[in-house]
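Keep in mind that the numbers below use all heavy atoms, side chains included, and drop hydrogens, waters and symmetry copies. From a predicted model like this one, the values you see are computed outputs, not experimental measurements.
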Amino acid sequence: MNGEMMLKQAAAIVGNRRETYGEPSASMSAIAKRWSITLGQPITPSQVALCLIDLKLARLAHDPGHLDSMIDVAGYAAVLKEVSR
């Protein structure tokens, strides 16, 4: 799979998740509210997306060839753009 195909796959996954779970801004906001309670400090939707990207990067550090994690980083980067508006 080349880079363009990977990005198309990430876009398809983001679109599928939008259909299943609603707008990314709503999902990231809901997660931010929960994490704010868990962590005892305000968490923003952008921080949620950044932390999810970081999770995938940590997994890639363990297995740099793991395609699903690469695709997820691209997808979460797109979500970050949406929630950072």
Side-chain angles (χ1 to χ4, degrees):
M1 175 179 291
N2 65 27
E4 183 178 350
M5 292 169 61
M6 186 183 76
L7 291 173
K8 286 180 181 179
Q9 178 69 24
I13 291 169
V14 170
N16 179 271
R17 297 299 185 267
R18 187 184 314 274
E19 289 177 15
T20 303
Y21 300 111
E23 290 299 315
S25 58
S27 294
M28 295 294 117
S29 292
I31 294 167
K33 287 177 187 175
R34 295 181 62 89
W35 287 7
S36 294
I37 293 167
T38 300
L39 298 171
Q41 63 183 29
I43 303 297
T44 68
S46 294
Q47 289 171 316
V48 171
L50 287 168
C51 287
L52 292 170
I53 290 168
D54 200 36
L55 167 70
K56 296 301 179 169
L57 292 173
R59 290 181 177 172
L60 282 167
H62 175 73
D63 181 2
H66 193 254
L67 183 60
D68 286 349
S69 290
M70 289 181 216
I71 292 170
D72 288 345
V73 167
Y76 284 129
V79 168
L80 176 62
K81 175 62 177 158
E82 289 192 34
V83 301
S84 297
R85 292 182 182 170

Enquirer: Heavy atoms only: give me the nearest Gly75-Ala10 pair and the separation to one decimal.
Expert: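 Of all heavy-atom pairs spanning Gly75 and Ala10, the closest is N-CB, 3.9 Å.
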
Enquirer: Scan residues 1-13 for pairs that pass side-chain hydrogen bond (donor to acceptor under 3.5 Å, both in side chains), counting only residues two or more places apart or in two chains.
Expert: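 Listed once each, the pairs are Glu4-Lys8.
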
Enquirer: Between atom CG of Leu80 and atom CG of Leu52, what is the distance when rounded to the nearest 0.5 Å?
Expert: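 It is 10.5 Å, given to the nearest 0.5 Å.
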
Enquirer: Report the C-alpha distance between Arg17 and Val79 in whole Å, list the side-chain angles of each, state the deciding distance to 0.1 Å, and finish with yes or no for side chain to side chain contact (heavy atoms under 4.5 Å, CB included).
Expert: CA-CA 11 Å; Arg17 297 299 185 267; Val79 168; over 6 Å; no

Enquirer: Can you measure from CG (Leu55) to CG (Leu50) and round to the nearest 0.5 angstrom?
Expert: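 One gets 12.5 Å once the value is rounded to the nearest 0.5 Å.
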
Enquirer: Output the distance between atom OH (Tyr76) and atom OG (Ser69), rounded to the nearest 0.5 Å.
Expert: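 Between Tyr76 OH and Ser69 OG, I get 10.0 Å after rounding to 0.5 Å.
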
Enquirer: For Met28 and Pro45, work out which heavy atoms get closest and say how close.
Expert: CB-CB, 3.7 Å

Enquirer: Give me each pair satisfying side-chain hydrogen bond (donor to acceptor under 3.5 Å, both in side chains) with a member in residues 43-52, each pair once, sequence neighbours excluded.
Expert: Thr44-Gln47, Ser46-Ser84

Enquirer: Can you run down the side-chain hydrogen bond (donor to acceptor under 3.5 Å, both in side chains) pairs that involve residues 31-43, sequence neighbours left out, and say none if there aren't any?
Expert: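 Counting only pairs at least two positions apart or across chains, no side-chain hydrogen bond (donor to acceptor under 3.5 Å, both in side chains) contact touches residues 31-43.
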
Enquirer: Are Ile71 and Leu57 joined in one hydrophobic group, where the rule is that I, L, V, M, F, W and Y side chains link up if heavy atoms are under 4.5 Å apart?
Expert: yes

Enquirer: Under a single-linkage definition using a 4.5 Å side-chain heavy-atom cutoff for Ile, Leu, Val, Met, Phe, Trp and Tyr, are Leu60 and Leu67 assigned to the same hydrophobic cluster?
Expert: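 Yes, Leu60 connects to Leu67 through the hydrophobic network.
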
Enquirer: Pairs in or reaching into residues 23-32: which pass side-chain hydrogen bond (donor to acceptor under 3.5 Å, both in side chains), with residues at least two apart or in two chains?
Expert: Arg18-Glu23

Enquirer: Show every salt bridge (charged side-chain N to carboxylate O under 4.0 Å, His left out) that has at least one partner inside residues 44-69, sequence neighbours left out.
Expert: Lys56-Asp72

Enquirer: Are Ile31 and Ile37 in one and the same hydrophobic cluster, where Ile, Leu, Val, Met, Phe, Trp and Tyr link if side-chain heavy atoms are under 4.5 Å apart?
Expert: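 Not linked; separate clusters.
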
Enquirer: Determine the minimum heavy-atom distance between Pro64 and Met70, stating which atoms define it.
Expert: O-CE, 3.1 Å

Enquirer: Met1, Val73: one ILVMFWY side-chain cluster at the under-4.5 Å cut-off?
Expert: yes

